[in-house]
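Quick caveat: nothing in here was measured; it's all calculated off a predicted structure. Each chain gets a letter, A, B and so on, in the order the sequences are listed, and its residues count up from 1.
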Amino acid sequence: MQTLAQTQPVAMPQPKRAWWRDIVGVALIAAVGLAGYWLFPDNLALLTRVIAMALLALSIDLLVGYCGIATLGQAALFGAGAYAAGIACVNGITEPFTLVLIGAVAGSLAGLVMGVVMLRASHGLPQLVLSIAIVQLFHEAANKASAWTGGSDGLAGLSPAALFGVFEFDLWGRTAYLFGLGLLLTVFIVLKFVVRSPFGMLCRGIKEDPVRVGAMGAFVFPVLLKMFMISGSVAGIGGALAAISTQVVGLDSVSFELSANALVMLVLGGIGTLYGALVGTVIFMGFEHVVSSINPFHWMTLVGVLLIVMVLFAPRGLTGLMETYTGLKLGKRGGRA
Amino acid sequence: MSDLFRVEGLSKQFGGLAVSRDISLSLPEGERLALIGPNGAGKTTFVNLVTGQLKPSAGRVFLNGQDVTGLGAVQRVRRGLVRTFQVTRLFSEMTPEEHVTLTILQREGRANRVFARFRGDSAVGGEVEGILATLGLLDVARRRVGEIAYGQQRLLEIAIALALKPKVLLLDEPAAGVPSTDTPRIERALEQLPPSLAVLMIEHDMDLVFRFARRVVVLAAGEVIFQGLPAEVAADDRVREAYLGSYAHARRVA
Ligand SMILES: Nc1ncnc2c1ncn2[C@@H]1O[C@H](COP(=O)(O)OP(=O)(O)OP(=O)(O)O)[C@@H](O)[C@H]1O
Ligand SMILES: [Mg+2]
C-alpha cells in the first residue's frame, strides 16, 4: 500500500475552512441571547423556557438530523433530567452545576433505555411508535411514583443555591436566564465538535446507508446507542434547566405533547445543522407567545398551516430557506436534505 | 486446507427459487479469480452469501481455515473479507476523501471517537491521498459524492475496499459504468495490491477478465458449470450453451 502514494503527485485541493462560520454563528447566538436579556427584561422566564426547549430540539436533531432516527418521545429524556434534578434539589443537593450534571446523567441513562428499545426496530414507523410508547410509560411512571415526583401535583419547592455561591436565582429570572444561555452556548459548541468527530461522521453514514457502514466494518448498533446517550444528556440538561429556573417539575415535562412540539420546532428550523433547532424553537415559541395571547385557537390553526407550508414548500426548514437565498452554508447536513 | 478462503456447498433459495446451488470453490493466497456468468446467474447473490449480507440455506464459508458462516457481515469484514457493491452504496453528502478517511479510521478502531478530530491525523491523510491518487480521484476528493460522475463513484467503491486492507477482496463488476478511459486505473490499482491478497472479480468485460484472471469460474442458474483456465473457457460447450440463454435463468427446484 505504501507504493500507492507515488503514483500521482497531484495534491488534493485544500479544505475550505468551516470554522469561521461557526465562530460567527456562536457569536450571533450569544449576541441574540444577550439582546433578549436587554430587550425583554420582563419576559426572562419565557426566554429561559425557550432555551430549555432549544436544548430539547437540539437533542432531537442529533437523532433525526444526524442518525435518521425519528422520535416522538424525546420528552422522556427531558423529563428524566428535570425530575432527577428536581428530586436531588428537594433532597438537599442544591448546587446548580451539580444539578445540571445530575440532569445530564439521568437523561443519558434514559437515552440508553430508549435506544435499546427503539433500536430493536429497524425502520422509521415502528421506531416512532416505540418512542411514543416509551414517553407514555415514563409519564405514567412519573405519575405513579408520586412519593418522589409529586404525581399530578408536580414536584414543587425546589430552591437551588446561588450560582457560583454568589448569584441568587432571583424573582425576575435574570440569573436563570444567563445561566441557561451559558449552558446553551457550551452545549452547542460541544455538539459542533461531536458532529464533526469521526463518531459524528459515522452517524451521518449510518443515516444514509447502514449496510455500507457495515461493509466498512463498523457496527451500527453501538454507534447509535452512543448517540442516544449523548442526545439524552442534552435533553436532560434542558430538563434540569427547566427545573432550576421554574423551581417546579410537572408531568407535562414528560409528555407526548412536549415531544411532538419540540419535533415540530426542529422541522420548522431545519434538521441536520444544529442551527435549525435554535431558529425553529425561537420562532415557534415567539409566535406562540404573541398569537396565543390574542387567541389560543388561532395559535393551533397557525401551527397547522405553518407546518403544511413548511413541509410542502420548504422541506429543509427555515435554515434551508436561508441557505438557498443567501448561498451561505450553515454546515454540512447530516444526510440527504 | 491451507486455502485462504473456501466455500463448501453454498446454496440459497428465495421461496422456491434456487438462486445458488451447491457452490464450492476456494481461493489460495494471491489468487486472481474471475467469476463470470449471464445476467441473473446468481453472482451477486453469491457475494452476499459469502460476506454475510444474506444467510445461506446450506453450506459453509471458511476464512483462513476458520468457519465464519455463523459470523455477521461486520465480523467478516474485520477478518479481512471485503467486498464492493455492484450498485454503488455511498454517502451522497460526503466527499471521497471523507469516505476513505472514515474507512481507515474504522480499520484502526478509531471511527467511534467522539472527542477526536476527523481530519487530525496526517498519517491517515497521507494514506487517503495515496489511495485516491491510485484511482484518479484526487481532483474530486473534496466534492460531494452526489455531484461526481457515476464512473468516479464506482472507483470510490474500490478505494473504500482497498482502504480496509483486505485479505480477500470480492469485486462485483468493478468496471461496470466506468468509462473505458478509466478502466486502466482499476487494473493499475489491482496490480498494486499486495501479492498475497486473494481477489475474486465478477466482470462482464471479457478483455478485463482475460488480462486479470489466472482462473475463471462460470456460474449459470446458480450453479458452477466451469472452473479452469481463462484460455479454456471459450471452448467449453456448457459455457457456450449458458451464454446462448437456454441455461441463463435460475430454475425452479425440481
Ligand atoms: N432478494 C431476492 N429475492 C428473490 N429473488 C432474488 C433476490 N435477489 C436476487 N434474486 C434473484 O436471484 C437471481 C440471481 O440474482 P443476482 O443478482 O445474484 O444475479 P447476477 O448474476 O449478479 O446478475 P447480474 O449480472 O445482472 O448482476 C435473479 O433471478 C434475481 O431475480
Ligand atoms: Mg450482479
Side-chain angles (χ1 to χ4, degrees), chain A residues 1-19 62 66 190-191 193-227 229-230 233 272 329 331-337, chain B residues 51-53 72-78 82-85 88-94 97-99 101-103 105-107 110-120 125-134 136 138-139 141-144 146 160-165 188-189 192-194:
Chain A
M1 212 58 78
Q2 273 70 27
T3 56
L4 297 185
Q6 285 125 37
T7 321
Q8 219 174 0
V10 189
M12 276 188 281
Q14 279 306 299
K16 287 188 218 122
R17 289 268 154 240
W19 297 108
L62 292 176
Y66 290 90
V190 170
L191 291 185
F193 280 98
V194 169
V195 299
R196 288 223 183 92
S197 69
F199 164 79
M201 297 300 279
L202 205 52
C203 287
R204 296 170 203 225
I206 291 170
K207 181 188 179 189
E208 189 156 351
D209 190 349
V211 174
R212 163 43 86 196
V213 170
M216 282 177 167
F219 287 106
V220 169
F221 176 78
V223 175
L224 293 181
L225 202 56
K226 195 189 258 188
M227 192 56 121
M229 293 184 72
I230 294 172
S233 67
K329 278 215 71 158
K332 191 164 304 188
R333 281 178 185 266
R336 245 186 277 263
Chain B
T51 54
Q53 260 94 32
V74 173
Q75 289 289 9
R76 297 187 203 193
V77 173
R78 291 185 171 193
V82 172
R83 60 139 349 143
T84 66
F85 291 94
T88 52
R89 302 193 80 126
L90 300 168
F91 313 128
S92 60
E93 297 289 320
M94 284 191 209
E97 185 208 9
E98 286 167 341
H99 281 82
T101 305
L102 190 59
T103 309
L105 290 175
Q106 191 295 118
R107 186 192 77 207
R110 293 152 63 187
N112 212 349
R113 294 198 184 165
V114 179
F115 297 103
R117 282 180 56 207
F118 183 68
R119 213 177 287 183
E127 192 183 343
V128 171
E129 199 157 330
I131 291 172
L132 291 176
T134 311
L138 272 189
D139 30 330
R142 297 217 164 104
R143 301 261 305 275
R144 286 176 50 242
I160 292 169
L162 297 186
L164 286 167
K165 293 200 173 158
R188 221 181 316 136
Q192 288 178 4
L193 293 173

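Under a cut-off of 6.0 angstrom, the local environment of CZ in A:Phe221 is crowded, with over 12 non-hydrogen atoms contributed by other residues, nucleotides or ligands.
Note that the CZ atom of A:Phe219 and the CD atom of B:Gln75 stand 4.0 Å from one another [nearest 0.5 Å].
Contacts between B:Val77 and chain A at a heavy-atom distance below 4.5 Å involve the side chain alone, from C-beta outward. For a residue to count as touching a neighbouring chain, one of its non-hydrogen atoms must lie under 4.5 Å from one of that chain's; by this rule B:Arg110 touches chain A with the backbone only.
Checked against B:Phe91 for a side-chain contact (heavy atoms from CB on, under 4.5 Å), the options A:Arg212, A:Lys207, A:Arg204, A:Met201 give a single hit: A:Arg212.
Of the residues considered (B:Leu102, B:Thr101, B:Thr103), B:Leu102 shows the highest number of contacts with chain A, using heavy-atom pairs under 4.5 Å. With chain A as partner, the option from B:Ala116, B:Ala73, B:Ala161 having the largest number of non-hydrogen pairs under 4.5 angstrom is B:Ala116. Taking B:Thr51, B:Asn112, B:Val82 one by one and counting their heavy-atom pairs under 4.5 Å with chain A, the maximum is reached by B:Asn112.
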- Query: Which is it for A:Phe193 and B:Val114 under the side-chain contact (heavy atoms from CB on, under 4.5 Å) test, yes or no, and what are the steps along the way?
  - Reply: CA-CA 8 Å; A:Phe193 280 98; B:Val114 179; over 6 Å; no

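The backbone N or O of B:Arg113 lies less than 3.5 Å from no partner atom in the side chain of A:Lys226, so there is not a single donor-acceptor pair. B:Arg78 contributes a side-chain N or O that, together with a main-chain N or O of A:Gly217, makes up a donor-acceptor pair within less than 3.5 Å.
The shortest non-hydrogen separation linking A:Pro198 to B:Phe118 is CA-CD1, 3.7 Å. Contact detail for B:Leu90 and A:Glu208: the closest heavy-atom pair is O-OE2, 3.6 Å.
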